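This one's a predicted model, so the numbers in the text were calculated from it and none came from an experiment. Values below: all heavy atoms of this structure, side chains included; hydrogens, waters and symmetry mates excluded. Proteins come first, then strands; the chains are lettered A, B, ... in the order of their sequence lines, and each starts at number 1.
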Amino acid sequence: MLKLDDSFFLREDVLKIARELIGKILLTTFDGKRTSGRIVETEAYQGVIDRASHAYNNRRTARTEVMFGTGGVAYVYLCYGIHHLFNVVTSTSGQPHAVLIRAIEPVEGIRTILDRVRKKHWNASIGRGPGNVAKALGIHTGHTGHSLQDQISLWDDGARIRKSAIGSSVRIGVDYAGEDALLPYRFYLRGNPHVSGRTTLNR
DNA sequence: CAGTGGATCGTCT
DNA sequence: GACGATCCACTGG
């Protein structure tokens with residue numbers, strides 16, 4: 001296992017980073033409980049020029065400020081009052097790019113994960129969808145701004161994903177973004193049961 | 001499998 | 001005061 005260091009996140013090409021994160025391991029250690037999952041679905045949000053992004057048009061607020069800072073940290077926000085959505089902030093200061101982690105296939109700490117999602121038995125929906133990713137790994141809005149080298153970290157475990165195994169599509173739930181809603185900025189591991197979204201999007 | 005509606009609250013206007 | 005980078009339960013085919 002090789003930890004992804006800052007140089008991975010500081011690059012400018014957020015689409016490339018979103019694609020490369022497919023197959024990587026997202027690991028958290030909270031209260032001595034270690035849980036991890038393989039990333040099987042991501043979405044890129046391309047800063048100020050992307051109408052789907054919270055940072056569109058240089059929109060700086062207390063909430064979005066962290067995206068304008070240096071990459072390699074977490075941006076977690078509350079959606080619909082219920083769901084905590086975890087993003088990886090990328091690029092250098094001033095370029096508010098981010099990658100939303102939309103689905104994981106759980107790897108380590110299955111019992112802890114089952115406790116967190118209040119399920120008794122394993123099933124393929126665990127880790128499916130961004131709200132469920134954060135829930136399974138214990139990530140919440142309080143982790144915004146935290147470095148991705150500590151309690152939350154990303155790893156390359158050596159798994160090699162063929163380019164043809166990664167599909168792309170439009171992003172989910174961004175209808176408000178006008179023509180930017182049509183951009184193919186969502187990436188997923190083909191055939192993986194933990195991937196979210198309609199089946200027609202996942203071919 | 002697809003479509004619908006309710007839950008729930010921080011954030012921004 | 002409106003709404004959202006969602007999820008689940010439930011309906012019908």
In whole angstrom, what separates A:Y176's OH from B:dT11's C1'?
14 Å

Identify whether any heavy atom of A:R171 sits under 4.0 Å from a base atom; if not, whether one sits that close to sugar-phosphate; answer base, sugar-phosphate or nothing.
nothing

Applying a 3.5 angstrom cut-off to the pairing atoms, does DNA chain C sit in any stems of at least three consecutive Watson-Crick or G-U pairs? List them by first number.
B:1-7 with C:6-12, B:9-12 with C:1-4

Examine A:H54 together with A:Y77 and report whether their ring centres are nearer than 6.0 Å.
yes

Charged N to carboxylate O under 4.0 angstrom, A:D115 versus A:K120?
no

Could you state the atom-to-atom distance from CG of A:L201 to C1' of B:dC1 in whole Å?
14 Å

Earliest and latest nucleotide of DNA chain C, 5' to 3', sitting under 4.0 Å from a non-hydrogen atom of chain A?
C:dG4 to C:dC8

Scan A:R59 against the nucleic acid and name what it touches under 4.0 Å (heavy atoms): base, sugar-phosphate only, or nothing.
sugar-phosphate

The reported gap from CD1 in A:I104 to CG in A:L189 (rounded to nearest 0.5 angstrom) is 13.5 Å

Can you confirm whether A:N57 is buried at CG, in the sense that more than 12 heavy atoms of other residues, nucleotides or ligands lie under 6.0 Å from that atom?
yes

Rounded to the nearest 0.5 Å, what separation is found between the CG atom of A:D150 and the OG1 atom of A:T29?
10.0 Å

So which one's nearest nucleotide on DNA chain C is more toward 5', A:K135 or A:Y45?
A:Y45

Of the residues in residues 76-113 of chain A, which ones touch DNA chain B at a heavy-atom distance under 4.0 Å?
A:L78, A:Y80, A:G81, A:I82

A:D156 and A:R160: CA distance, side-chain angles, deciding distance, salt bridge (charged side-chain N to carboxylate O under 4.0 Å, His left out) verdict:
CA-CA 9 Å; A:D156 185 344; A:R160 291 294 161 232; 3.6 Å; yes

Under the 6.0 Å and 45° cation-pi test, does A:R171 pair with A:Y45?
yes

Salt-bridged, A:E20 to A:R11, with N to O below 4.0 Å?
yes

Whole angstrom value for the distance that separates C1' of B:dT4 from CZ of A:R198:
10 Å

Would you please indicate yes or no on a ring centroid separation below 6.0 angstrom for A:H143 and A:F30?
yes

Between A:E108 and A:R34, is the closest basic N to carboxylate O distance under 4.0 Å?
yes

Are OP1 or OP2 of B:dC12 and a side-chain N or O of A:R60 less than 4.0 angstrom apart?
no

Within 45° of the ring axis of A:F68 and under 6.0 Å from its six-membered ring centre, is that where the NZ or CZ of A:R60 lies?
yes

